[in-house]
Amino acid sequence: MKSIGLAVALAIGVTASPALAAARPEVASPIGGEATSPLPPLFQAEVDRAQAFVHAMMEQGVVVPVPKDPGGGYTHEQHKRNYRAIHQGGQLYAITGDEKYRAYVRDMLLAYAELYPTLGDHPAKANQNVGRLFWQVLNDAMWLVHAVQGYRDVRETLTDAERVRIDNNVFRPAVKFLSVDSQRTFDRIHNHATWATAGVGMAGYLLGDQDMVDRALLGSDKSGKTGFLRQSELLFSPDGYYTEGPYYQRFALLPFVVFANDIEHNEPERRIFEHRDGILQKAINTTIQLTYGGYFFPFNDAIRDKSLNTAELYEGVAIAYGVSQDPGLLSIAQWQNRTVLNVNGLALSEDLAAGKAEPFDFKSMLLSDGPDGDKGAVAIFRHGSGPRHTALVAKNSSQGMGHGHFDKLSWQLYANRHEIVRDYGAARFLNIEAKEGGRYLPENESWAKQTIAHNALVVNETSHFGGDGKLADKFAPTQQYFSAKPDLQVSIATIDSAYEGVAMTRTLAMLDVAGQAEPVVIDVLRADSQEAAQFDLPLHYSGHIMETGFEVARNVAGRPVLGSGHGYQHVWIDGTSTPRTEDAFLTWILDGRFYTYRFVPQENAQVILGESGANDPAFNLRREPLVIQRVPEANSVTFVSALESHGLYDGATEQTIDSRSLIASLRHVETDEYDIVVVETKSGEKTVLAISYDRDPDKQHIAEVGGQSVSWRGFAARITLGKEGN
């Protein structure tokens, strides 16, 4: 440790070893006092923040109510505040040596020693596995993970009688409840079990109970078929992608990393951060990569306002930096403007203050899904750098277990600090009691999970896999191709199990178009059905419509509803049209930039302009626009679309530039083997995206485009025809 003494460094360590207990009395004064150097600013700010919170809690006295309320209710929130206060109070005692923090943590835990033995099932239990202190067992596990860390910092200073009372009335019964009474949850391969095994294992290290540690690591029967280690093997892909998606990756990360940190310090011979080729380190970096502007891509049941500013990532970034010394992580900590009150947070804060930060390397990448990397993938394409860069995300991943959505081969687009092509995320107001007690809303099932709520193909107004999650978990898309060359970034994926007798292939590309400053997104979706079917391709976008190239039959007097089930009952129809090739586009504006969605109409194709929010008596849904391309009856369809960013609107200066699309036409040439997309700008330049479905990556291809021959090798290529071609 650089700027403080060894005794203090040990005092803010992570083990309850004899060295730690011996070191604490040697602290002559609080960190930041005369006997130590000033703390780095980020760490000092965290100390100040913790002191403000803990002091406010101390002023209220020890308040440990009998559990009564669901999420968001008084008792629920009080027990959450309590475990934060126990955790941070212990840290502040370790850092400052101030007796008042030790006494407060002791008194709080003694109060829980009175309460805990009296508890049975929580009275607000619902369909989740019931807890003791909280309405679901997950929150009890979170309580244990936090409380055991605070207890660790004061335990050696307590009397024998106090230790025995707290050990036997709080932590041992809490461990029994999680690992024995709640064995079904404990032995799952799921984020709830991650929290439970972490709490049990950390308690085991603290209490010197190897049986607890072994159950946590290897499952309740110690076979290794479940438990913490098995979860790290089955919940993450080889690239560190968590099967439930970024939001739950963020949530599950904290128990993974804090327990791993305990394992590293108590049993370094396990080399936990090297386990499975460093999977936990990969997981932390992957979690950061799955963001735009600091906010997570809202896959599956995601709360959209979650960002890197979350407790799980403060801990994860600090631990990852301690393991890797990656200077890019310092810039993430700088963006967060937060850290944690332990030795990892201190080291990170010192290096940040020393100017060692470098920009985090956000990059285009393919993240495989599934423990063996064979359950689909997530493709991320990035163009440019900085907060206004463009990012295209192709979601070709597996179902994601119970939190998954029925949106195979879906996509999103970010640019200019905004989500341009949207994903709904979850229908939930977390911990707001007025909205179903903070639980998932009924519309999470009837809308947010349904395919029409996403940018994915719907057949016969029925969600993928008929909305059957257990069935969906058995199948995943196949990622056929990925390339991230500067002028053409492209993903090709297929699935033939979302609907019986229907095969889908989707190509999503970020294409540099001659004469355009920003890349154009090209979307080519092929579907073949054994029986004639209706095909709907929705696009959910952010912005205000400026113009449509096609005439719209508007529903002014009243808005009909799109359908009766699978999410269709939640869509109002604002208007319909039958566009022609030359006028098949829609332009909207968002934050001073224009976006034009252009498509190639198919035979008998219709366009539906709609908005979410129908059949929503409790006002649970956000009102958001969408456009749907519909082919009412066909055996084979190919949807070809382009999304272009252009122009500028500045309301302050009353200046508008290039409000209309800079693309003159979008053409499509199709054969059994190829899809050729031609983008022609108004200045006459032609840029071709050539796609082959031949699986030979080295095969040479030749096709005719408007009387010109084009050739390329492999799956996809960008070809410039220039102004001379026809």
So that I can tick it off, tell me whether K222 and D211 are bridged by a salt bridge, with the cut-off set at under 4.0 angstrom between side-chain N and carboxylate O. yes
Does the side chain of R49 reach to within under 4.5 Å of the side chain of R338, using non-hydrogen atoms? yes
Measuring from L341:CG to L92:CG, what's the distance to the nearest 0.5 Å? 6.0 Å
Using a strict cut-off of less than 4.0 Å between a Lys/Arg side-chain nitrogen and an Asp/Glu carboxylate oxygen, indicate whether D423 and K395 qualify as a salt bridge. no
Tell me whether R439 forms a cation-pi arrangement with W135, defined as NZ or CZ under 6.0 Å from the six-membered ring centre and within 45 degrees of its axis. yes
Contact list for residues 381-393, test salt bridge (charged side-chain N to carboxylate O under 4.0 Å, His left out), sequence neighbours left out: none
Please list, chain by chain and in numerical order, all residues satisfying side chain to side chain contact (heavy atoms under 4.5 Å, CB included) with P246, sequence neighbours excluded. Y241, L290, F296, F297, F299
Salt bridge (Lys or Arg N to Asp or Glu O under 4.0 Å) filter on E312, not counting sequence neighbours, yields R250
Is a donor on one side and an acceptor on the other found under 3.5 Å between the side chain of N82 and the backbone of V63? yes
Correct closest heavy-atom pair for I284 and G316 would be CD1-O, 3.5 Å
Hey, which of E315, Q91, Q149 is the one that makes side chain to side chain donor-acceptor pair (under 3.5 Å) with N342? E315
If the plane angle is over 60° it's perpendicular, under 30° parallel, otherwise tilted; pick one for H79 and F134. perpendicular
Q479: which of S397, S491, S368 passes side chain to side chain donor-acceptor pair (under 3.5 Å): S491
Side-chain heavy atoms of M58 within contact of Y101, under 4.5 Å: yes
From CA spacing to verdict: ring pair (Phe, Tyr, Trp, His ring centres under 6.0 Å), F256, F236: CA-CA 11 Å; F256 270 114; F236 294 105; 5.0 Å; yes
Counting C-beta onward and ignoring hydrogens, is there a side-chain heavy-atom pair between V154 and E162 closer than 4.5 Å? no
For residues Q231 and T194, is any side-chain donor paired with an opposing acceptor at under 3.5 Å? yes
Looking at N191, is its backbone amide N or carbonyl O close enough to the side chain of Y242 to form a donor-acceptor pair, meaning the two atoms are under 3.5 Å apart? yes
Answer yes if the side chains of H418 and Y292 hold a donor-acceptor pair under 3.5 Å, and no otherwise. no
Is it true that E264 and N261 share a donor-acceptor pair across their side chains at a distance under 3.5 Å? no
Would you call the rings of Y151 and F171 parallel, tilted or perpendicular, where under 30° means parallel and over 60° means perpendicular? parallel
side-chain contact (heavy atoms from CB on, under 4.5 Å) for V47 and Q44? Distances and angles first, verdict last. CA-CA 5 Å; V47 171; Q44 182 63 62; 4.1 Å; yes
Give a yes-or-no answer on whether the side chains of Q249 and T286 include a donor-acceptor pair shorter than 3.5 Å. no
Residue pair I319 / L280, side-chain heavy-atom distance below 4.5 Å: no
Looking only at side-chain N and O atoms, does Q88 offer a donor or acceptor that is under 3.5 Å from a partner on H146? no
State the CE-CD1 distance between M57 and I86, to the nearest 0.5 angstrom. 8.5 Å
How long is the gap from OG1 on T291 to CG on L308, to the nearest 0.5 Å? 4.5 Å
